[in-house]
Enquirer: 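This is the structure I want to talk about, given as structure tokens.
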Number of protein chains: 2
Amino acid sequence: MARKSGSHSEITGPRIRSVAQSLIARHGFAAVSMRQIAAEVGVRAGTIYLYVADKQALLYELMETHLDTLLAAWEAVPVPEDPTEALHAFTSFHLRFHFERPEEVFIAYMELRNLTPENFAKIEARRRAYEAALEAILARGAASSAFDLPDPRVTTMAIIAMLTGVGTWYRDGGRLSRGEVEAIYWRLVRRMVQGA
Amino acid sequence: MARKSGSHSEITGPRIRSVAQSLIARHGFAAVSMRQIAAEVGVRAGTIYLYVADKQALLYELMETHLDTLLAAWEAVPVPEDPTEALHAFTSFHLRFHFERPEEVFIAYMELRNLTPENFAKIEARRRAYEAALEAILARGAASSAFDLPDPRVTTMAIIAMLTGVGTWYRDGGRLSRGEVEAIYWRLVRRMVQGA
DNA sequence: GTCTATAAGGTGATAGAC
DNA sequence: GTCTATCACCTTATAGAC
């Protein structure tokens, strides 16, 4: 917060991204100025341009980092062979990841229209890859009759929208714990796909 | 589109709101200027202030109109006594309303943080009233054992998030018709709450 | 590594002419 | 009913001093 003159190259870059993430999540990308970010970091506006090409690159890098972290974290999850257990693994993973990173998630959903077409395409490709992970689990369960689905694609979008929606109402310290919310959502998801 | 000098008081006001709605839905409230709106309406920027107090009022009025229209439309739906039929009525209503008004829905979800605290409170009250309509149906079904719910409040939020999510992927002329999507979502919702 | 200073232009909003 | 002109300020981004 305090402004100091001197050498901080190793911490100023990360701090710019961290501060930008908080401000953008709170006020929106278009409503946050480079000066505001600089002020909160404790440098002058021009200094930001030593670490970021321009404002668009700043937004893109935040979203790219978020989605790459999400995909890498899912890759690291051991997916059970049983479709029901695999779906349980995905549900828990998705909720826990989203509980932990409300700012990143919010930005990734709200600021898509502020990306250039080129950057938008790259982010969308990563999002589709993540959706494909869930769709593959559902398709496998449908093929083995573990699941009874009206439509794998729509069910994928329905489950992801439902789970990601926790961000709009869940707050730590509220009526339910994260674990309780997780149990409730898992029960809802399991019923949605349950075979006859 | 074409600029004309003369009297247009009855159409300029509505046109400002209509143009603002399209531009804000596409680019976001903070990214759209009064000058842009004026240019698309075909007047000068100052003219907007004859019809709208300021930029904040313009946003608030769009969201207020949307939510009041939503609540009034739901009030007009005859709700069956049977909880399953009532839930079906809500599901169909919600999807159809959201299919018809993608711009309003998008703004109502994305621009909440650009409202002043006072205006935010008023919009939130309306949103909660709408959620309460679904929660009442779920609670009634749970009481009569027609539904078996893990938690009425979380189930309410889950269903609304899932249904509203159609806006992120559904496009007219795609693989599925509105009616097909409606049937798929109804099957998913019904299973989520189904009694044992 | 960060600063100051600045370019070039956009912003919301208002006063007064017509 | 709308325009022109304007105020006071904010914007992104860069050049060159230290």
Side-chain angles (χ1 to χ4, degrees), chain A residues 1-21 23-24 26-63 107 111 113-119, chain B residues 1-21 23-24 26-63 107 111 113-119:
Chain A
M1 212 79 176
R3 173 150 64 100
K4 294 180 189 172
S5 289
S7 300
H8 297 283
S9 75
E10 287 138 39
I11 84 168
T12 302
R15 262 189 64 66
I16 287 169
R17 281 159 180 80
S18 159
V19 164
Q21 183 171 89
L23 288 176
I24 292 170
R26 242 198 307 280
H27 308 292
F29 176 71
V32 173
S33 72
M34 298 300 256
R35 274 176 176 75
Q36 274 177 272
I37 295 167
E40 186 113 345
V41 170
V43 297
R44 298 301 189 175
T47 303
I48 292 185
Y49 292 90
L50 297 172
Y51 298 92
V52 182
D54 55 24
K55 206 187 174 194
Q56 169 69 207
L58 181 55
L59 176 62
Y60 175 70
E61 285 162 24
L62 289 177
M63 296 180 68
I107 291 171
E111 306 297 352
R113 63 188 161 179
N114 285 308
L115 293 171
T116 61
E118 298 75 26
N119 287 340
Chain B
M1 213 79 179
R3 172 150 63 98
K4 294 180 187 170
S5 289
S7 301
H8 297 283
S9 75
E10 288 138 39
I11 83 167
T12 302
R15 261 187 64 66
I16 287 169
R17 281 158 180 81
S18 160
V19 163
Q21 182 171 92
L23 288 175
I24 292 170
R26 242 197 308 280
H27 308 293
F29 177 71
V32 173
S33 72
M34 299 299 258
R35 277 174 176 79
Q36 273 178 274
I37 296 167
E40 185 112 347
V41 170
V43 297
R44 298 301 189 174
T47 302
I48 292 184
Y49 291 90
L50 296 172
Y51 298 92
V52 181
D54 53 25
K55 205 188 175 195
Q56 170 68 207
L58 181 54
L59 176 61
Y60 175 71
E61 284 162 24
L62 288 177
M63 296 180 68
I107 292 172
E111 305 296 353
R113 64 189 161 179
N114 286 308
L115 292 171
T116 60
E118 297 75 26
N119 286 340

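Lettering of chains follows the sequences in order, A, B, ..., and the numbering in each one begins at 1. The shown structure was predicted, so the numbers you read here are calculated from the model rather than taken from an experiment.
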Enquirer: In whole angstrom, what separates A/Arg44's CZ from D/dT14's C1'?
Expert: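 For the pair A/Arg44 CZ and D/dT14 C1', the rounded distance is 17 Å.
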Enquirer: Can you check whether A/Tyr51 has a side-chain N or O nearer than 4.0 Å to OP1 or OP2 of C/dT2?
Expert: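 Yes, A/Tyr51 has a side-chain N/O under 4.0 Å of OP1/OP2 on C/dT2.
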Enquirer: Rounded to whole angstroms, how far apart are NZ on A/Lys55 and C1' on D/dT14?
Expert: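 The distance from NZ of A/Lys55 to C1' of D/dT14 comes to 17 Å, rounded to the nearest Å.
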Enquirer: Can you find a donor-acceptor N/O pair under 3.5 angstrom joining the side chain of B/Arg35 to the base of C/dG12?
Expert: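 Counting by modelled atom types and ignoring angles, a donor-acceptor contact under 3.5 Å is found here.
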Enquirer: Counting N and O atoms only, with roles assigned by atom type, does the side chain of A/Glu40 sit under 3.5 Å from a partner on the main chain of A/Ala20, one being a donor and the other an acceptor?
Expert: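 Checked: no pair found.
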Enquirer: Quick one: on DNA chain D, does A/Val32 or B/Gly46 contact a more 5' nucleotide (nearest heavy atom)?
Expert: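 Checking each residue's closest nucleotide, the 5'-ward one belongs to B/Gly46.
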Enquirer: Any sub-3.5 Å donor-acceptor pair from A/Glu111's side-chain atoms to A/Leu59's backbone N or O?
Expert: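 No, because the side chain of A/Glu111 does not come within donor-acceptor range (under 3.5 Å) of the backbone of A/Leu59.
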Enquirer: Would a distance-only check, ignoring hydrogens and angles, find a side-chain to backbone donor-acceptor pair under 3.5 Å from A/Arg26 to B/Arg113?
Expert: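 Not confirmed, A/Arg26 side chain does not pair with B/Arg113 backbone.
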Enquirer: Starting at CG of B/Leu50 and ending at C1' of C/dA17, how long is that distance when rounded to a whole Å?
Expert: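 Nearest whole value for this atom pair: 14 Å.
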Enquirer: Return the value, rounded to whole Å, for the distance between atom CD1 of B/Ile16 and atom C1' of D/dG1.
Expert: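 After rounding, the gap between these two atoms is 11 Å.
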Enquirer: Between B/Arg15 (CZ) and D/dT2 (C1'), how many Å, whole number?
Expert: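 One finds 15 Å between C1' of D/dT2 and CZ of B/Arg15, rounded.
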Enquirer: Among D/dT11, D/dA13, C/dT2, find the nucleotide with the atom closest to the side chain of A/Gln36.
Expert: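 The listed nucleotide nearest to A/Gln36's side chain is D/dT11.
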Enquirer: How many whole angstroms separate atom NE2 of B/His27 from atom P of C/dG10?
Expert: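 Result: 16 Å.
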Enquirer: Taking the side chain of A/Met34 as heavy atoms from C-beta outward, which of D/dA13, D/dG1, C/dT2 is closest to it?
Expert: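 The answer is D/dA13.
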Enquirer: Are OP1 or OP2 of C/dT2 and a side-chain N or O of A/Thr12 less than 4.0 angstrom apart?
Expert: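 Result: yes.
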Enquirer: Which whole-number value in Å describes the distance from A/Tyr49 OH to C/dT4 P?
Expert: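 The distance from OH of A/Tyr49 to P of C/dT4 comes to 17 Å, rounded to the nearest Å.
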Enquirer: If you take all heavy atoms of A/Val32 and A/Lys55, which pair is closest and at what distance?
Expert: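 Heavy-atom minimum between the residues: O-NZ, 2.8 Å.
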Enquirer: Assess the residue pair B/Asn114 and A/His27 against the criterion (side-chain contact (heavy atoms from CB on, under 4.5 Å)); give the C-alpha distance rounded to whole Å, side-chain angles, the decisive distance to 0.1 Å, and a yes or no.
Expert: CA-CA 7 Å; B/Asn114 286 308; A/His27 308 292; over 6 Å; no
Enquirer: Rounded to the Å, how far apart are A/Ile48 CD1 and C/dC3 P?
Expert: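 Going from CD1 in A/Ile48 over to P in C/dC3 covers 10 Å.
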Enquirer: Reckon B/Ser33 has a side-chain N or O less than 4.0 Å from the OP1 or OP2 of C/dG10?
Expert: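 No, outside the criterion.
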